[in-house]
Amino acid sequence: MRFKAELLNAEEMRRALYRIAHEVVEANKGTEGLVLVGIHTRGIPLAGRIARYIREFEGREVPVGILDITLYRDDLSEIGLRPQVRETRIPLDLTGKAVVLVDDVLYTGRTARAALDALMDLGRPKRIYLAVLVDRGHRELPIRADFVGKNVPTARNEVVKVKVQEVDGEDRVELWEREGA
Amino acid sequence: MRHLLDFGGWTRQEVESLLDTAKVMAEVLQRPVKKVPALQGFTVATVFFEPSTRTRLSFELAARRMSADVVSFTAQTSSLQKGESYKDTLLTLEAMGVDAYVIRADAAGVPHQATRWVKGVVVNGGDGRRAHPTQALLDAYTLLEALGSLEGKKIAIVGDILHSRVARSNAELLPLLGAEVWCAGPPSLLPQALPGARLTPSLEEALAEADAVMVLRLQRERMEAGLVNLQDYIAHYQVTEARLRRAKPQAPLLHPGPMNRDVELEGTLADSERSLVARQVQNGVAVRMAVLYHLLVGKERA
């Protein structure tokens with residue numbers, strides 16, 4: 001793969017997540033009944049950061065859960081290899097809550113669809129929002145994000161890599177190109 | 001892992017990966033909706049040439065919890081009674097589009113044979129005295145839950161070792177996780193050797209400082225007459241409160257079931273807080289979900 005561009009640096013990433021945190025509180029008219037759920041892997045630290053920012057400016061703690069959607073994927077036969085199933089941990093009953101699903105990149109929409117199915121099995125939320133750091137387009141399902149850090153028109157042969165301090169040791173979003181594709 | 005027949009060739013990492021998946025499956029079983037679509041479109045057949053209640057139900061529930069279709073075959077109500085062979089029975093199921101076969105047989109080696117007959121994946125649901133790998137996996141899972149780690153832990157398996165596929169599979173599996181396995185029973189119910197385990201006719205020696213005790217059923221249906229005297233067995237080998245004092249305090253008790261109360265195990269102990277019998281059954285579903293998932297997902301359909 002060939003590196004093409006830096007889409008967001010650490011400071012731009014922080015600002016994008018800070019803005020999403022404000023938009024979430026605005027949309028929900030406060031923090032009442034709000035729950036953040038991060039999708040494995042990088043959605044988890046991103047959800048944690050949004051919760052931290054909300055605590056900073058609202059002084060209210062918002063519960064954060066983690067969700068693994070492997071058991072809900074519809075593209076397992078295309079993966080070929082056995083996908084790793086990871087932990088799902090939701091700290092409270094989601095029934096009647098406003099849930100914000102948090103992921104790093106929105107692409108085909110299949111991950112979001114699987115996450116919606118998983119959430120429905122975990123309770124009956126009053127409302128589900130979708131927050132993503134990067135929307136790179138190419139949807140295969142009628143799904144859109146409610147909160148987007150940055151919209152990036154991409155080509156199919158390009159790859160968006162979100163790096164987060166907690167997993168990758170740095171905050172940065174990069175655009176790469178598959179060679180020979 | 002193409003099939004699950006026994007633990008030959010397994011690594012510690014593979015076992016741990018499977019048990020990690022079982023942990024996720026256990027969480028699924030705690031949800032309001034205890035079902036995921038992971039195996040939607042797959043068909044699992046439970047093919048039981050030998051009677052069983054818990055293993056068959058546990059596998060069927062495991063498959064259903066992952067949205068697989070399940071067909072169930074039991075020898076007592078089948079064309080086997082009309083002389084159909086094991087092979088033809090399996091080929092009939094294969095023609096119906098089955099993806100996974102859970103096979104229980106009174107003869108050792110039937111699941112191995114089956115892998116040559118069918119294209120689908122084969123899970124050994126217990127064959128003769130040879131192996132019962134999913135029972136060992138659920139035992140390991142339950143022991144890990146109770147003890148945290150099996151590294152350096154002494155696990156005593158007590159009872160009819162000779163006829164026990166559970167003892168054999170546990171002796172194969174538990175050492176992979178770092179445990180030391182001791183098997184104790186009357187000399188007439190001890191095999192010549194059991195790879196992975198230390199054999200002793202002394203119950204006291206096996207129980208001494210044991211971190212956990214697994215009690216086995218006397219398999220009288222597999223015994224020749226006179227192999228053991230029941231009263232003698234109870235007098236010398238029944239696991240009682242008094243004998244259990246040799247083990248570590250609060251060492252948990254396991255039993256693969258079905259249990260003969262007050263034969264191999266004192267009835268009060270079976271109901272005590274130390275007993276993990278119900279927990280084993282509960283964990284069995286999660287472990288079997290993990291096994292079916294690991295075998296079927298990512299594999300080309302049969």
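Being a predicted model, the structure only gives us computed values, none of them experimental. Below, chain A is the first sequence line, B the second, and so on; all start at residue 1.
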Side-chain H-bond candidate by donor/acceptor type, B:Gln280 with B:Thr142, under 3.5 Å: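 Their side chains do not contain a donor-acceptor pair, so the 3.5 Å distance test is not met.
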Does any backbone or side-chain atom of A:Arg89 lie under 4.5 Å from a heavy atom of chain B? Answer side chain, backbone, both or neither.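 For A:Arg89, neither part sits under 4.5 Å from chain B.
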Between A:Phe147 and A:Tyr129, does the ring centroid distance fall short of 6.0 Å?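 Centroid distance A:Phe147-A:Tyr129: below 6.0 Å, so yes.
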For B:Met66, which atoms come within 4.5 Å of any heavy atom of chain A: side chain, backbone, both, or neither?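 For B:Met66, there is no contact with chain A at all, as no heavy atom is under 4.5 Å.
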With a 4.5 angstrom heavy-atom cut-off, could you sort out which part of B:Lys34 is near chain A: side chain, backbone, both or neither?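 Neither; nothing under 4.5 Å.
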Please identify, among A:Asp121, A:Val85, A:Leu122, the residue contributing the most non-hydrogen atom pairs under 4.5 Å to chain B.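 Option with the top pair count is A:Asp121.
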Should the pair A:Lys161 and A:Trp176 be classed as cation-pi, given the thresholds of under 6.0 Å to the six-membered ring centre and 45° from the axis?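 Pair A:Lys161/A:Trp176 counts as cation-pi.
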Among A:Thr108, A:Leu106, A:Thr154, which one satisfies side chain to side chain contact (heavy atoms under 4.5 Å, CB included) with A:His138?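 The residue from A:Thr108, A:Leu106, A:Thr154 that satisfies side chain to side chain contact (heavy atoms under 4.5 Å, CB included) with A:His138 turns out to be A:Thr154.
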